[in-house]
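No hydrogens, no waters, no symmetry mates; every other heavy atom, side chains included, goes into these values. So you know, we letter chains A, B, ... as the sequences are listed, proteins then strands, and number each from 1.
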There are 4 protein chains.
Amino acid sequence: MVIVMQAHAEPEQVAAVIARVEGHGFTPHVSKGSERTIIGVIGDERPVDPEIFQVMPGVERVVRILAPFKLASREFHPADRVIELPNGARLGGEDVLLMAGPCAVESGEQLRASAEAVHSLGVRVLRGGAFKPRTSPYSFQGLGEKGLLLLREIADELGMAVITEVVSPEDVPLVAEHAEILQIGARNMQNYRLLRATGDSGRPVLLKRGLGSTIDELLQAAEYILAHGNDQVAVCERGIRTFETATRFTLDINAVPVLKHMTSLPVVVDPSHATGRSELVGAVARAAVAAGADGLLVEVHSNPQDALSDGPQSLDPPQFAKLVEECTRIAAAIGRTTG
Amino acid sequence: MVIVMQAHAEPEQVAAVIARVEGHGFTPHVSKGSERTIIGVIGDERPVDPEIFQVMPGVERVVRILAPFKLASREFHPADRVIELPNGARLGGEDVLLMAGPCAVESGEQLRASAEAVHSLGVRVLRGGAFKPRTSPYSFQGLGEKGLLLLREIADELGMAVITEVVSPEDVPLVAEHAEILQIGARNMQNYRLLRATGDSGRPVLLKRGLGSTIDELLQAAEYILAHGNDQVAVCERGIRTFETATRFTLDINAVPVLKHMTSLPVVVDPSHATGRSELVGAVARAAVAAGADGLLVEVHSNPQDALSDGPQSLDPPQFAKLVEECTRIAAAIGRTTG
Amino acid sequence: MVIVMQAHAEPEQVAAVIARVEGHGFTPHVSKGSERTIIGVIGDERPVDPEIFQVMPGVERVVRILAPFKLASREFHPADRVIELPNGARLGGEDVLLMAGPCAVESGEQLRASAEAVHSLGVRVLRGGAFKPRTSPYSFQGLGEKGLLLLREIADELGMAVITEVVSPEDVPLVAEHAEILQIGARNMQNYRLLRATGDSGRPVLLKRGLGSTIDELLQAAEYILAHGNDQVAVCERGIRTFETATRFTLDINAVPVLKHMTSLPVVVDPSHATGRSELVGAVARAAVAAGADGLLVEVHSNPQDALSDGPQSLDPPQFAKLVEECTRIAAAIGRTTG
Amino acid sequence: MVIVMQAHAEPEQVAAVIARVEGHGFTPHVSKGSERTIIGVIGDERPVDPEIFQVMPGVERVVRILAPFKLASREFHPADRVIELPNGARLGGEDVLLMAGPCAVESGEQLRASAEAVHSLGVRVLRGGAFKPRTSPYSFQGLGEKGLLLLREIADELGMAVITEVVSPEDVPLVAEHAEILQIGARNMQNYRLLRATGDSGRPVLLKRGLGSTIDELLQAAEYILAHGNDQVAVCERGIRTFETATRFTLDINAVPVLKHMTSLPVVVDPSHATGRSELVGAVARAAVAAGADGLLVEVHSNPQDALSDGPQSLDPPQFAKLVEECTRIAAAIGRTTG
């Protein structure tokens, strides 16, 4: 940490800062510049909130040197982490893992048709929402536990793993019983009670970036889960809020290589939510694979026209077949396969 | 709702859309323009998701005419709503309600000193966090129930009401037992399970705008609470995420008059989180009152230098005294009082 | 400046950075932390681009300590700067200066009616666009020189000063001949050729913040004008681009006190562009005055329904009369007057 | 265009709107809904500003149906436009065109070394800035005309075309004499005088998206050039301003397929400015090609450590060689070549 004093800071103010630095067990290193005194803080600053210095009289600014997370950092764990699923699918290794299925479980028929379609294209992880967080209280809110049981039943028939969202700490045991991967949605990225609960679940967690959250905050949220003893965490870029209105969100493609530098957790991209328009999903999915994503989470519906949610961004099976073919070729161009 | 067909939409596509419009009990009104056909949807569109038309072949765009919320709208409830607290304080009426206190309850001493300071300046609602959502797992996470009891005890001594955050549905009964106002934080604005739980609580709710959420989404979140039978809801602008880095967030001052137009729910502003810097809080608080806010939520700490959280944005008692004096004069200039 | 080396930077990399620091005439101050080496750069860093160190092998990050502008900073010029106009109006002193008039000069009649209306309410600076930058090539582009002559003629009749936009360096002499204040629009904030040309003009300049520009960049743009020998510069907050769509832009009210801290240049707010909706202009103008703005720039049209541009955000004379009355009361509440 | 009246609009207000619609030569189509009257405007709305209806009493909202540009739209010109350069390079056809070179021309030696490096990797268009718009007045501002002559000389030696930025209308003839492609930078996207001047230049124009500009505004800016008789226009996505600070800007990868849908103009991506960090440029360049970009504009410096500008985002020749190889493989995966 570097503490920058104000231009006319008093010597006593500098002394008080130095005393507090030492009081926290750090070694201060003082540089008197032509216009400012700066104080280097030597030691492991990660668990310390810069605010404790920021608030002192005479302090202009405090600059962190180390990232505010540790377990999630690539420095701490240099090798890529790989999540192995019971059915042999892997997230974070050589292959680019495809996860696909409908936005919401609507019925056994709809889910079976969608699951069979993606399964026939080689997909081994079935997505589908049972507990749905919806912007409007008047929208379809999901089938709840019944949806969860349908996911499990149909995934078992096809030898697929299940990824599904969990929205509240009290639901974690139930969802963990039926799904191989717990998804934490963008709206809940900073629902810390939920993060802790999934930390204790024993199941891999896919953590989606909040639509107004920085990459740094995403990794701090992942740190919550890691710090609760669960090291099977993947992070997901799904589009952020910007001023552009042509698409529902703006996919932050830069985040893919940035995350690969900062963390060894697998990085997934959700091209469906990031665009909100099915005709754009294929191009953006190709971009994600080309940029180095370890997995894709794609909304596929057997009949998007009748979807109860997210129809406009859902692919039908032929559109998804095209996406798989194209992404497989892109993956091959950078020495990877899809699966 | 208005459905805009693509330039070269087929007659059968138009017919299919018309059929679906009628199938939902609406009356279609078709206009053939020079380049596009547009279909007006006559009826109460609020409970209908535009996606169901958006997804149909040949449809270019669907434009909502009515806002997607009803109970929260000023059209539905034209008169300003007023929340009356047991100690006589009112949110949403003539007065601008001041709510102040420390970011977090740290100890009985700290809370008592801070509470007495704000109470002596006429504040009748004490804020203070017992359950703290923190970005980093290594930051102080609040005293939990113990903090809640301290809030209640000290508020009772001073005849103050308590506003405090609730972060999980399972905590709602406990927090509702000890606090007059339940606060839902920005990170939980779209935690729908929590919204529903506060809907059932029988207590007034202050709902903070998510840092990446639109005004429209804020009112849809409020609609969740209203639809669960609780009409004592206030909304709070607390700064949104933008590209500007000089301040922690950007206060959306436009949101104050926009909200006053759109809803009759009381509108509160939090100048502390919106700026993140104590030296800016006063100016922004004055602006909020001038723009028409019904209340202010301000972080005041008896000794900000020793605060365990949010020290840099907390006012000390003399700074807060100045804020109260200035805001009272601003309120008078527009025909209101503070209290 | 503080240079943070990477975790595993080689001693030779550190040595190379030190050599370059010294080569630029600075004194390096090296701190070896537990995980990182950091190098303080002692000296006046303002004219140095941090990139020259950022680019070196082994460097992780370079942090500026001093702002990248000097002449525009309050440190360099602590006292508030005041711009005196020939007709006695002042921008930057005790009074809050009102500048008002139509978005565009459309005709002599329209301008005269609008000018008389605002003049009768005490306004001494007339705004009006002769050269109009318009998003669409098919929109009204302004009357050009003819509009400029109308502004001059009518302002002279009423004893008013003129503020009008200049869009290209070659127009600066012409506009400077007829207007007391040259306005640089948001779209041209970083049109450096234009900034330099206004630096040479001998006329006060009102520099509007770009809609995607930070406060820091705004002051660097002002620095261009100051560095070209013109110290009569005011800066204007007029709304920035955010994800919120309820208003045309988001007024960054925080920017008012932030700018007052960082610079002694007068700070103006444009509530018309910042909201885009006439029914919001009054509330936001009050907020701007309450937050400490030194001036307001308001669009007033004698008949907004017939305006050729910006009609929806233009006030009619009665609406503007109400704004003046309210802002005068707000100004009085903080010890200022309007004029 | 669709005009939505307020809930309680008076019949006379509706009548006035209808009269104005007819007065502009359109046919009104009135739908009385349960709560609102909406008026469809039949006819070519493109040259009409929605404001003229927005401003009328009783009007709540006006919704455009057609995009506000015509010549730039794919509807108007369905076939992909191709820009042919004198040396045989093509932008917008089958191939993905590589344009590369240093940020700024610094000297003959530096430019020659950089140009030879990219030429040897198959690049046929040399980029390099002679007139540099810089955020700070104290940064290197470019060599001006001397830089232009160096670009021409070295490009001629190598059989390359030149792309370089023009920053002011008065420079257009000079730059057009020496460069095959005129670049309009992000800061000048809405410098309409400059757009018009390039419209008359007879040279292809690469128009960069403003960092706070929507896709729609980018195409309206292109419309200015097209409307001035120049149909050789390409548009360039180079990153937009968002809240994310890990990268200098956020590349809007969605914009690539969105633009390909909306316009037939060639679409270029600049991965250097979009990331600001050389270690990210390769991944983002691959993503751009995978998403369908027609060209890449990449900063390559023979020795980035000594660059006078943009060193941290410039590739050295070996890094660029890797980018070319990877992008060529990605291009092949989607049936294209690079060149």
Side-chain angles (χ1 to χ4, degrees), chain C residues 46-52 54-57 68-70 131 133-141 167-171 185-196 210-214 216-217 220-221 223-228 240-241 278 304-314, chain D residues 46-52 54-57 68-70 131-141 167-171 185-196 210-214 216-217 220-221 223-224 226-228 240-241 278 304-314:
Chain C
R46 285 190 198 85
V48 175
D49 196 324
E51 286 185 352
I52 63 169
Q54 181 67 57
V55 77
M56 299 185 75
F69 46 84
K70 182 167 191 168
F131 299 96
R134 302 302 304 275
T135 304
S136 165
Y138 307 124
S139 298
F140 173 62
Q141 308 274 322
V167 299
S168 202
E170 76 239 29
D171 294 347
R187 292 177 179 90
N188 279 314
M189 190 197 90
Q190 294 187 311
N191 183 339
Y192 300 114
R193 200 69 72 82
L194 178 59
L195 295 179
R196 285 192 206 107
L211 48 92
S213 298
T214 61
D216 206 80
E217 289 166 344
Q220 288 189 70
E223 186 88 357
Y224 265 91
I225 307 173
L226 293 160
H228 272 261
I240 57 173
R241 271 273 157 86
S278 60
Q305 281 194 57
D306 292 328
L308 294 180
S309 63
D310 280 357
Q313 71 194 35
S314 295
Chain D
R46 285 192 201 84
V48 175
D49 196 326
E51 287 183 352
I52 62 172
Q54 181 67 56
V55 79
M56 300 186 76
F69 46 84
K70 181 164 191 171
F131 300 96
K132 298 296 306 170
R134 300 304 301 277
T135 304
S136 166
Y138 307 124
S139 298
F140 173 62
Q141 307 273 322
V167 299
S168 203
E170 74 239 31
D171 294 347
R187 293 177 177 88
N188 280 312
M189 190 197 90
Q190 293 186 312
N191 183 338
Y192 300 114
R193 200 70 71 85
L194 179 59
L195 295 179
R196 285 191 206 106
L211 46 91
S213 299
T214 62
D216 207 79
E217 290 167 342
Q220 289 189 70
E223 187 88 357
Y224 265 90
L226 293 160
H228 272 261
I240 58 173
R241 270 276 157 83
S278 60
Q305 282 193 52
D306 293 329
L308 294 180
S309 64
D310 280 358
Q313 71 194 35
S314 295

Asks: Can you tell me how far apart OG (C:Ser168) and OH (D:Tyr192) are? Round to the nearest 0.5 Å.
Replies: 14.0 Å
Asks: Can you say whether C:Arg193 sits under 4.5 Å from chain D via the side chain, the backbone, both, or neither, judging by heavy atoms?
Replies: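 The side chain, not the backbone.
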Asks: For a quick test of reading the model, state the closest non-hydrogen atom pair linking D:Gln220 to C:Pro137 and the distance between them.
Replies: O-CD, 3.8 Å
Asks: Below 4.5 Å from any heavy atom of chain D, which atoms of C:Phe131 appear? Answer side chain, backbone, both or neither.
Replies: side chain
Asks: Non-hydrogen atoms of chain C under 4.5 Å away: do they reach the side chain of D:Pro133, the backbone, both or neither?
Replies: both
Asks: Classify the side-chain pair C:Glu223/D:Tyr138 by whether it contains a donor and acceptor separated by less than 3.5 Å.
Replies: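 C:Glu223 vs D:Tyr138: donor-acceptor pair found between side chains.
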Asks: Using heavy-atom distances under 4.5 Å, tell me whether C:Asp171 contacts chain D through its side chain, its backbone, both, or neither.
Replies: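 Just the side chain, heavy atoms under 4.5 Å.
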Asks: So, D:Gln305 side chain and C:Val55 main chain: donor-acceptor pair closer than 3.5 Å or not?
Replies: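 Looks like no, no N/O pair under 3.5 Å.
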Asks: Using 0.5 Å steps for rounding, measure from the CG atom of C:Asp216 to the OG1 atom of D:Thr135.
Replies: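 The OG1 atom of D:Thr135 is 9.5 Å from CG of C:Asp216, to the nearest 0.5 Å.
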Asks: When you compare the side chains of D:Arg196 and C:Gln141, does any donor N or O come within less than 3.5 Å of an acceptor on the partner?
Replies: yes
Asks: At a heavy-atom separation under 4.5 Å, does C:Ser139 approach chain D through its side chain, its backbone, both, or neither?
Replies: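 Contact with chain D is through the side chain of C:Ser139 alone.
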Asks: Do the side chains of C:Glu217 and D:Arg241 get close enough for a salt bridge, i.e. N-O under 4.0 angstrom?
Replies: yes
Asks: Of the backbone (N, CA, C, O) and the side chain (C-beta and beyond), which part of C:Pro304 lies under 4.5 Å from a heavy atom of chain D, both, or neither?
Replies: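 Contact with chain D is through both the backbone and side chain of C:Pro304.
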Asks: Tell me, for C:Thr214 versus chain D, whether the close heavy atoms (under 4.5 Å) come from the side chain, the backbone, both or neither.
Replies: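 For C:Thr214, heavy atoms of backbone and side chain both lie under 4.5 Å from chain D.
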